[in-house]
There are 2 protein chains.
Amino acid sequence: MTSAALSKVMDTNPVVIRRMLAGIRDAGYVRSDKGHGGGWTLACEMSQLSLRDIYDALGRPTVFAVGHRKESPDCLVEQAVNASLTAALDEAEAVLLARFADVSLDQIASDVQKRLRARKTQQRRRQGTGGCGHV
Amino acid sequence: MTSAALSKVMDTNPVVIRRMLAGIRDAGYVRSDKGHGGGWTLACEMSQLSLRDIYDALGRPTVFAVGHRKESPDCLVEQAVNASLTAALDEAEAVLLARFADVSLDQIASDVQKRLRARKTQQRRRQGTGGCGHV
DNA sequence: TTCTCATGTAACTGCATAAGTTACATGATC
DNA sequence: GATCATGTAACTTATGCAGTTACATGAGAA
C-alpha cells in the first residue's frame, strides 16, 4: 500500500504516514519500496507484532500528559512531590506497556473481522425488513 | 502564604498560582483570604488530603499524552485499535489514580523532613572536615 | 534512455494548548 | 481612605504536533 493510499484512508497526509512508518520500518516490522509497484508491506507475522513493539519502534514517546516541572529542583518539597509522582507514574506506565505487549496485530485483525461481520448482519437486517426507519 | 510568595518559591506567576489553587479551594481543601494578613491557608488535615483529591479538585485533567485520533471512527480497523488502546489506557489510569490515592500530604511532609535532615547532615559533614573541595 | 511512480527528508505553515503577563475590579484590614 | 491580597478577563508568548510544500533519490516501465 502506498503512503498516498494510506493517508487517504487515515484522513491525513502522505508525509505524516512516512514519518510514522519510518521508525517501524527501521525496526524491521514493515518494508518500504520505491518506484512502480512500491509502497509499504508488512515484513513479519502479525502474531509476532504487538502494540508494545510499535510503541518502541516509534521511539517510546512520552506516555503521560502530566509530570514534573523540573527534573532536579532545589526545593525539597518539590523533590518530595516529584518522588511520589514518579513512583506512581512509573507503576502506571509499566502496567500500560504490559497491556500493550499483550495485544498482537492478529488479535486486532480478528477483531476487525468480527466488526465486519457485525456490520454486515446489521445491513442485512435493515434491508431484509425494509428498515425500522429509526436509523 | 500569599500568591506572590508562592509564585516566587515555585518560580512562576501569582496569577498562575491563583488559577491552580482556585479548584483546590472550591473543593474545600484550602482557604483564600483577601486583604492584610490574607493569602492561602490549608483548610483540612494533611493526613486527609491525597494526591488523588488534588487531581480531582484540579478537574481531572487528561492523564495521557497518547490516545485516539477520532472518538467514533467509521474505519473498522481504527475502531479495533481504539478498543485495544482504550482498554490498556483505562487500566493504567486506574492504577495511577489508585497510587495517587495512597499518597497523603502528611507523607510528603515527612518525606520533606527526611530530606531536610539529610541535607543538614551533608552540610555539617562538609563544614566539619573543611570540605572535600569537589562541591 | 527517458518518463513515471513512490519514498526520503528538509523546511515551512498553521493550530491547539498551556504558561505567563497585564490590567483592573473586589473585598478586607490597618 | 490607603494598602494589601485575591478574582478574573484578556492578551501574549512558547511549545509541540500535524499538515503542507518542495525537491532529491531511486526503481521500474515504456
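- With hydrogens and angles disregarded, no donor-acceptor distance shorter than 3.5 Å links the side chain of Tyr55(B) to the backbone of Ser50(B).
- For Asp33(A) and dG28(D), the CG to P distance is 8 Å, given to the nearest whole Å.
- Remark: side-chain polar atoms of Ser84(B) are not paired, donor with acceptor, to backbone N or O of Val81(B) under 3.5 angstrom.
- Side chains of Trp40(B) and Ser3(B): a donor on one and an acceptor on the other come within 3.5 Å.
- Taking all atoms of both residues into account, the shortest heavy-atom contact from Gln79(B) to Pro73(B) is NE2-O, 2.9 Å.
- Position along DNA chain D of the nearest nucleotide to His36(A) versus Pro14(A) favours Pro14(A) as the more 5'-ward residue.
- Between Asp11(A) and Trp40(B), the residue anchored closer to the 5' end of DNA chain D is Trp40(B), taking for each the nucleotide with the nearest heavy atom.
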Can you check nucleotides 10-18 of chain D for protein contacts, nitrogen or oxygen pairs under 3.5 Å, and list what you find?
unit_1: dA10(D); atom_1: N6; unit_2: Arg19(B); atom_2: NH1; d: 3.3

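- Here chain A contacts DNA chain C (any atom closer than 4.0 Å to a heavy atom, that is under 4.0 Å), and the contacts span dT4(C) to dG20(C) from 5' to 3'.
- In summary, of the residues considered (Lys70(A), Glu71(A), Arg69(A), His68(A)), a side chain to side chain donor-acceptor pair (under 3.5 Å) with Asn82(A) occurs for His68(A) alone.
- When each of Gly35(A) and Ala22(A) is assigned the nucleotide of DNA chain C bearing its nearest heavy atom, the one mapping closer to the 5' terminus is Gly35(A).
- Side-chain atoms of Ser110(B) and Gln113(B) include no donor-acceptor pair closer than 3.5 Å.
- Using a 4.0 Å heavy-atom criterion, one finds that Gly37(B) contacts no nucleic acid atom at all.
- At distances below 3.5 Å, not a single donor-acceptor pair connects side-chain atoms of Glu91(A) with backbone N or O atoms of Leu96(B).
- At a threshold of 4.5 Å between non-hydrogen side-chain atoms, the residues Asp53(A) and Phe100(A) do not count as touching.
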